[in-house]
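The structure appears below as structure tokens.
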Amino acid sequence: MFDVALRSAGGTIALVTSFDEKYPPENIIDGSLDTFWPTTGMFPQEFIITFSTLMSIGNIKILCSNVKELCIEKSTKTEPVEFEPLVEKEIENIDGQMQREEIEASFMIASFCSNIIHVIIISCSKPCRMHIPVTSASHLRFLIKSAFDHFVSIHNVSVNGTAVH
Amino acid sequence: MVVLRAKVIVTGDPAVGKSALTQAFHSDGTHFPKNYSMELYLYDSAGKEIFADIVQQHWTQPDMILVAYDMTNEQSFNACNKWFERCQAQKPNQSIPGALVAIKTDLKQRRVISTKQGREYANSKGLEYFECSPKDHENVEAPFYYLAKEFHNLYNVKIEQMKTLT
């Protein structure tokens, strides 16, 4: 498992709805927490991260500020189309401070025994974490529906995963 | 190059000249300029009370406000506070940049609200005061340029704040 969203790992930004050349969207996937992508006004806003190939996703970490309603969708197609909802969350206001959101996929170990599937879910629960079923995606779409300010900043998104063979 | 976008509520009593102001600003002959760094999404809102509910459904997540009144109509001036409060209620924990615009400066003889009155109310609410006449196309652009500049300043301030986050 490694950060498959990283630019150095082949991750790219397929679409953004705001662009300021001084703060490019690639700042989201450069692995640095100091650089960021700001939205330039009005909501909703969105960005799409495209992976180098279809990835099995373990967890998603988002570092941002002023985000209120956040929605994540995934697509398994080659082109970033036909997105399906993955998770939707309203984040608490911590007044201009950095927000840390972690979304963990629950790993399912299934063993077959006389046609009954035993599912053991191994997950760790910490505050501010959301759980989603293990999923695969070649694109992730982050939709910022509303905010606590005129502008939001996305400092980093890391997606732990492995390539699906 | 950066393009900032801001939703601006244009509000005020009926017939004060909201649409005249918006249209005069919007349609000065340069409809689709290619090189710009600010888009204002102007929500020229109905001023009649019967539409108030439906109008406010379109007022979610505003960035700035323009409250207009007719300087020959005292009632429309008194109603400004109502419109301002309604818009501010959409963003209860945040002050939004705004302009107060006295319209119909062409009707000098019929003026009932003085510049002083307008300016005082504007100052009390943190709004910038403007006077204009969409009919004579006088000073029509000033309030919009002010809002655009304010929003740009706000963006720069917020960017500096974002830089300090780690």
Side-chain angles (χ1 to χ4, degrees), chain A residues 15-25 27-28 30-47 61-71 90-101 143-158, chain B residues 1-10 34-45 56-66 87-99 126 144-166:
Chain A
L15 175 144
V16 276
T17 48
S18 281
F19 183 74
D20 184 341
E21 61 192 358
K22 284 195 252 172
Y23 310 96
N27 286 350
I28 297 171
D30 64 357
S32 161
L33 309 183
D34 297 328
T35 59
F36 59 90
W37 168 72
T39 64
T40 61
M42 298 190 37
F43 294 95
Q45 293 276 350
E46 69 171 84
F47 60 96
K61 276 187 212 166
I62 303 152
L63 273 103
C64 52
S65 74
N66 292 325
V67 175
K68 193 178 180 194
E69 285 169 279
L70 176 71
C71 206
E90 192 167 327
I91 302 173
E92 270 175 57
N93 190 9
I94 42 174
D95 202 27
Q97 288 174 46
M98 190 82 94
Q99 300 164 318
R100 285 162 213 272
E101 290 300 316
L143 186 63
I144 304 151
K145 288 184 171 173
S146 61
F148 295 108
D149 207 337
H150 300 276
F151 313 101
V152 310
S153 61
I154 309 290
H155 293 251
N156 198 64
V157 172
S158 61
Chain B
M1 237 271 291
V2 53
V3 178
L4 307 183
R5 297 193 186 103
K7 179 165 170 175
V8 182
I9 308 294
V10 179
K34 294 270 188 320
N35 190 13
Y36 59 88
S37 63
M38 181 85 208
E39 291 174 358
L40 294 175
Y41 289 67
L42 303 174
Y43 282 60
D44 179 17
S45 315
Q56 285 173 86
Q57 285 175 26
H58 295 273
W59 282 10
T60 53
Q61 305 193 55
D63 292 303
M64 298 188 282
I65 183 171
L66 191 158
C87 189
Q88 183 67 63
Q90 297 281 343
K91 284 226 170 150
N93 303 316
Q94 215 180 307
S95 72
I96 55 176
F144 297 103
Y145 281 131
Y146 165 77
L147 291 176
K149 279 187 185 135
E150 274 301 287
F151 198 69
H152 195 258
N153 291 340
L154 197 60
Y155 177 69
N156 289 333
V157 168
K158 298 291 175 187
I159 286 285
E160 289 308 314
Q161 285 176 8
M162 289 167 188
K163 282 182 182 170
T164 66
L165 295 173
T166 37

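Naming: A, B, ... by sequence-line order, numbering from 1 per chain.
- With a 4.5 Å cut-off on side-chain heavy atoms, A:Phe151 and A:Asn66 do not count as touching.
- Here the side chains of B:Ser45 and B:Ile9 are in contact, with some heavy-atom distance below 4.5 Å.
- For A:Phe36, the part lying near chain B is the side chain, with the backbone staying farther off; criterion is any non-hydrogen pair under 4.5 Å.
- Of residues 148-157 of chain B, those residues with a non-hydrogen atom less than 4.5 Å from any non-hydrogen atom of chain A are, in numerical order, B:Phe151, B:Leu154, B:Tyr155.
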Next on the checklist: For A:Val67 and A:Ile62: C-alpha separation, side-chain torsions, deciding distance, then whether side chain to side chain contact (heavy atoms under 4.5 Å, CB included) applies.
Outcome noted: CA-CA 11 Å; A:Val67 175; A:Ile62 303 152; over 6 Å; no

Item to check | Check against side chain to side chain contact (heavy atoms under 4.5 Å, CB included), A:His150 and B:Ile96 | outcome: CA-CA 9 Å; A:His150 300 276; B:Ile96 55 176; 4.2 Å; yes

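- Looking at B:Pro97, only its side chain comes within 4.5 Å of chain A, counting heavy atoms on both sides.
- Only the backbone of A:Lys145 comes within contact range of chain B, with heavy atoms under 4.5 Å apart.
- Residue B:Lys7 touches chain A through both its backbone and its side chain, counting heavy-atom pairs closer than 4.5 Å.
- The nearest pair of heavy atoms linking A:Ala147 to B:Gln61 is N-OE1, 4.0 Å.
- Legend: residues meeting side-chain contact (heavy atoms from CB on, under 4.5 Å) with B:Gln56, ordered by chain and number and at least two apart, are B:Ala52, B:Trp59, B:Arg86, B:Gln90.
- For chain B, the nearby part of A:Thr39 is the backbone; its heavy atoms alone come within less than 4.5 Å.
- Of the atoms belonging to A:Ser32, not a single heavy atom falls under 4.5 Å from chain B.
- Of the atoms belonging to A:Asp149, heavy atoms from both backbone and side chain fall under 4.5 Å from chain B.
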Next on the checklist: Between A:Tyr23 and B:Met162, does the side chain to side chain contact (heavy atoms under 4.5 Å, CB included) criterion hold? Intermediate values first, please.
Outcome noted: CA-CA 11 Å; A:Tyr23 310 96; B:Met162 289 167 188; over 6 Å; no

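- With hydrogens and angles left out, the side-chain atoms of A:Thr17 and A:Glu46 include no donor and acceptor closer than 3.5 Å.
- Contact check for A:Asn156 versus A:Lys61: no side-chain heavy atoms found under the 4.5 Å cut-off.
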